[in-house]
There are 4 protein chains.
Amino acid sequence: MDAALLLFAERGYDGTTVPMIADTAEVGAGTIYRYFESKEVLVNVLFQECVTRFIGSVSRNYPHAANIRAQFTHIFGGMVRFAKDDIHALHFIETHSGARYLDPKSRETFQQLMDFLHAFVHSGKEQGLIRPLPSDALIAIVFGAFTKMFTLIRAGKITETPELLSQIEESCWDAVRVHSD
Amino acid sequence: MDAALLLFAERGYDGTTVPMIADTAEVGAGTIYRYFESKEVLVNVLFQECVTRFIGSVSRNYPHAANIRAQFTHIFGGMVRFAKDDIHALHFIETHSGARYLDPKSRETFQQLMDFLHAFVHSGKEQGLIRPLPSDALIAIVFGAFTKMFTLIRAGKITETPELLSQIEESCWDAVRVHSD
Amino acid sequence: MDAALLLFAERGYDGTTVPMIADTAEVGAGTIYRYFESKEVLVNVLFQECVTRFIGSVSRNYPHAANIRAQFTHIFGGMVRFAKDDIHALHFIETHSGARYLDPKSRETFQQLMDFLHAFVHSGKEQGLIRPLPSDALIAIVFGAFTKMFTLIRAGKITETPELLSQIEESCWDAVRVHSD
Amino acid sequence: MDAALLLFAERGYDGTTVPMIADTAEVGAGTIYRYFESKEVLVNVLFQECVTRFIGSVSRNYPHAANIRAQFTHIFGGMVRFAKDDIHALHFIETHSGARYLDPKSRETFQQLMDFLHAFVHSGKEQGLIRPLPSDALIAIVFGAFTKMFTLIRAGKITETPELLSQIEESCWDAVRVHSD
DNA sequence: CATGAATGAGCGTTCATTCAT
DNA sequence: TATGAATGAACGCTCATTCAT
């Protein structure tokens with residue numbers, strides 16, 4: 001699964017061949033089929049597993065009672081932890097969500113993630129602290145900014161430091177929050 | 001080329017077959033090879049053409065003398081115009097920049113776009129109006145947010161209106177600008 | 001189709017590979033797929049075509065008004081003509097009728113052949129000239145005897161002569177007719 | 001071996017996989033290889049065993065001194081007993097005799113069966129009681145008729161009764177005997 | 001002794017590319 | 001110039017066989 005994740009993230013589903021995965025994993029091509037019915041099943045299992053981990057990462061110990069800003073920090077921190085823990089998983093999710101070969105369960109799992117984020121955004125909007133834009137758009141802005149930025153880190157173009165991450169968080173928050181000035 | 005752009009954007013390079021392109025374009029498969037040496041050449045020509053158009057869109061009539069905010073509006077407006085003009089081209093650029101099959105010329109063309117944006121960001125940072133973050137990161141934030149958001153529009157999940165676009169612009173600007181409060 | 005017929009007859013469906021068919025037919029493996037969706041479609045088309053030809057061979061110019069013996073001669077003659085015309089087709093039908101990969105249309109086509117033979121046997125039984133055995137059994141006896149015998153001819157173990165064929169016909173007829181002694 | 005016989009008879013050698021046999025036999029796939037060097041050895045051992053049993057069935061207590069008709073009854077009875085005893089064995093022999101993967105010993109074993117039948121036919125022809133046709137042809141007629149008929153019984157299309165079997169015997173005998181009328 | 005995970009050759013099939021028409 | 005039939009390398013996948021447990 002590590003090999004598949006790496007390759008799917010780097011080359012995409014169609015650009016990754018089963019022999020490639022087998023070679024990277026240092027197993028025979030047939031072995032993969034003892035564990036996954038097909039390449040399509042593999043990508044779905046992988047996707048669900050990644051998204052589930054991602055959900056866990058952003059929702060575990062979620063400070064329900066805290067203020068929006070602290071909740072945003074929690075979510076952002078979860079995203080960072082997830083992205084750092086497995087640098088390919090985030091990109092894999094990003095590039096494969098919405099793909100034509102995802103099965104209903106994968107779509108549903110992804111929807112759970114979206115639902116979680118929607119709930120956060122909705123609550124922020126209700127409190128008048130997050131801009132009154134469509135939730136999808138707000139999520140897209142933060143998620144888009146964050147993933148593209150981590151792609152740069154993965155590619156080694158910029159170096160990830162606590163300061164940088166904290167500033168990026170500030171930047172993303174400024175993108176969605178209501179400004180009083 | 002329209003057919004190829006559409007398919008590459010929707011299914012990716014590896015998920016698009018030459019016969020698919022030929023069918024969509026309502027020409028024979030062989031005809032494509034009269035105009036493009038190979039599928040790889042086609043995707044490169046297409047990429048360069050799209051990126052060049054994109055550069056044109058954001059840089060044409062660029063207000064060199066205006067202030068940063070106005071310049072940002074110009075760039076953002078160019079991006080919107082480009083995305084609206086050919087709804088698939090932006091997504092095609094987004095998903096194919098950095099692909100392994102891009103040739104040096106494609107990479108260089110894309111770099112020209114990056115250079116243009118870098119110059120803008122650099123100037124903004126020098127004036128103390130844009131955050132002192134790595135330029136790549138700042139571009140990624142705006143670009144990432146913008147493209148993800150337009151993906152939603154393309155998918156029909158949110159409806160594009162002048163108000164929405166203006167608010168998104170504000171949001172993106174707030175993500176990169178220095179806040180005085 | 002000739003190559004496929006030959007190989008299916010000699011090695012069976014599962015024992016015949018598509019590359020084998022392509023090599024025998026002196027075409028590329030991919031070419032086969034321009035004409036047949038799959039190996040399974042190929043075997044079905046082939047089966048239907050053979051059975052249809054077989055039906056034509058035994059039913060064309062059928063002497064509806066003649067006596068049973070003459071009708072038997074006509075059918076037997078049709079079988080001989082068919083078997084001689086394409087020595088593999090009969091064996092192909094014989095070994096593939098009832099196979100798990102035959103589609104409904106193939107089964108129906110084969111049933112048409114059976115129906116034709118049933119009608120003949122039924123009429124003979126009604127006239128008291130053919131034994132009062134299940135029609136299926138009577139057909140099996142003649143068909144079984146005939147095909148096994150032609151397998152020998154195909155294998156070169158016995159030589160086909162008009163006299164031999166006439167004697168085999170007599171033998172088959174004696175197997176199904178009512179004997180007055 | 002029962003599992004293998006069943007599957008080879010129903011799906012043919014090439015259509016039967018070793019895991020299929022293992023599953024049907026409720027053993028591990030590897031276990032089969034403790035008893036048979038290869039799938040090919042298995043089919044040969046099975047073939048030889050079946051043919052040997054068949055020979056036993058038709059030749060045990062053979063009435064050497066009796067007349068041809070009684071000998072025919074004996075052989076036919078042996079065939080019936082064999083076919084009833086193991087409903088798949090006869091079909092397995094029928095469909096696998098002459099197969100490309102049979103080894104010399106299998107071919108020789110089958111030849112012993114043929115020799116036994118040849119001897120019977122030869123003796124009958126010498127006595128002027130069996131038609132002066134090639135022995136192979138005569139055997140093919142009886143064997144072909146018999147096996148095709150038993151295939152129907154196996155498939156449940158006709159029901160086997162002593163009367164039916166006796167009539168089939170008569171029919172087969174009429175196919176090979178010399179008729180005085 | 002029995003197992004079943006692992007293997008990789010070879011299956012059925014696809015598709016980028018060529019070329020006669 | 002435009003075509004699409006033909007190609008064969010390489011795909012996703014299966015399965016006869018091996019071998020550590």
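Note that this is a predicted model, so its numbers are computed, not measured.
Looking at B:D86 and B:R53, a side-chain N of the basic residue comes within less than 4.0 Å of a carboxylate O on the acidic one, giving a salt bridge. With respect to B:R154 and B:E10, no salt bridge is recorded, no charged nitrogen being found less than 4.0 Å from a carboxylate O. Ion pairing between a basic and an acidic side chain is recognised when a charged N comes within 4.0 Å of a carboxylate O; C:R100 and C:E40 show no such pairing.
Side-chain atoms of B:R34 lie closest to F:dT3 of the nucleotides E:dG12, F:dT3, E:dA2. Among the nucleotides F:dG12, E:dG12, E:dT3, the one closest to any side-chain atom of A:Y33 is F:dG12.
Stem regions annotated for DNA chain F: E:2-21 with F:2-21, counting only runs of 3 or more consecutive pairs of Watson-Crick or G-U type with both contacts under 3.5 Å.
In plain terms, the two heavy atoms of C:H96 and C:Y13 that are nearest each other are NE2-N, 3.4 Å.
You'll find the ring centres of D:H88 and D:F92 outside the 6.0 Å limit.
Although no hydrogens or angles enter the test, the distance criterion places no donor-acceptor pair under 3.5 Å between the side chain of A:K105 and the main chain of A:N44. A distance-only check finds no donor-acceptor pair linking the side chain of B:T31 to the backbone of B:V27 [under 3.5 Å]. The closest donor-acceptor contact from the side chain of C:R107 to the backbone of C:L102 lies under 3.5 Å.
The residue among B:I32 and A:A29 whose nearest nucleotide of DNA chain F is located toward the 5' end is B:I32. If B:G30 and C:G30 are placed on DNA chain F by their nearest nucleotide, the residue sitting closer to the 5' end is B:G30.
Taking every heavy atom of residues 14-28 of chain D and every atom of DNA chain F, pairs under 4.0 Å involve D:T16, D:T17, D:V18, D:P19, by number. Contacts of residues 35-43 of chain A with DNA chain F (heavy atom under 4.0 Å): A:S38, A:K39.
In the displayed structure, B:Q111 atom CD is contacted under 6.0 Å by more than 12 heavy atoms of other residues, nucleotides or ligands.
Counting heavy atoms from C-beta outward, D:S106 and D:T109 have side chains that stay 4.5 Å or more apart.
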